[in-house]
Amino acid sequence: EDESMVFDLKWTVKTSDIPFKALDREQIVNHFARNGCVTTKVGLTRNLRNLKWFEDVDMDAFFPRSYDLHDQDELLEWVDDFKLCAAE
């Protein structure tokens, strides 16, 4: 039964199928709650940008340019970058 809360291990395709708040301490699932900070490009970009506060690392040396297009300032940066690259 897909919606049963009686299990030791639950394997699902979608994170939304797991009721994280209702899990018992002993129950295991194949997803992590609130994992967008490392599993989405925007989340990973934000975390890598904050890395400079903890380590002497230049994210541009190993991670491609990325923009959060929901952020107005970053959208404008992307437009400028796109125009510059298109002009080349």
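- Taken from CZ in R49 to CG in L44, the straight-line distance is 10.5 Å, to the nearest 0.5 Å.
- Considering only residues two or more places apart in sequence or on other chains, F82 meets the ring pair (Phe, Tyr, Trp, His ring centres under 6.0 Å) condition with W78.
- Checked by atom type and distance alone, the side chain of H31 pairs as donor or acceptor with a backbone atom of T12 at under 3.5 Å.
- Side-chain contact between P19 and M5 is present, with at least one heavy-atom pair separated by less than 4.5 Å.
- Evaluation of the side chain to side chain contact (heavy atoms under 4.5 Å, CB included) rule for K41 yields T45, S66 as partners, not counting sequence neighbours.
- By the 4.5 Å heavy-atom criterion applied to side chains, F7 and L23 are counted as neighbours.
- Here the straight-line distance linking atom CG of D58 with atom CZ of F63 works out to 13.0 Å at 0.5 Å rounding.
- The distance from atom CG of N30 to atom CD1 of I18, rounded to the nearest 0.5 Å, is 5.5 Å.
- By the 4.5 Å heavy-atom criterion applied to side chains, F20 and V29 are counted as neighbours.
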Audit row: F62, V57, side-chain contact (heavy atoms from CB on, under 4.5 Å) steps and yes/no: CA-CA 10 Å; F62 63 90; V57 175; 3.4 Å; yes
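- Not one N or O on the side chain of D68 forms a donor-acceptor pair closer than 3.5 Å with the backbone of V42.
- Note that the CZ atom of R46 and the CG atom of D71 stand 7.5 Å from one another [nearest 0.5 Å].
- Under a 3.5 Å cut-off, the side chain of Q27 and the backbone N or O of D24 do form a donor-acceptor pair.
- No side-chain donor-acceptor contact under 3.5 Å links D81 to the backbone of E77.
- Residues D8 and E26 have side chains not in contact (no heavy-atom distance under 4.5 Å, counting atoms from C-beta outward).
- For the pair D56 (side chain) and K52 (backbone), a donor-acceptor distance under 3.5 Å is absent.
- Within the model, atoms OH of Y67 and CG of D80 stand 9.0 Å from one another, a figure rounded to the nearest 0.5 Å.
- At a threshold of 4.0 Å, the pair E74-R65 does not count as salt-bridged, since none of the basic side-chain nitrogens sits closer than that to a carboxylate oxygen.
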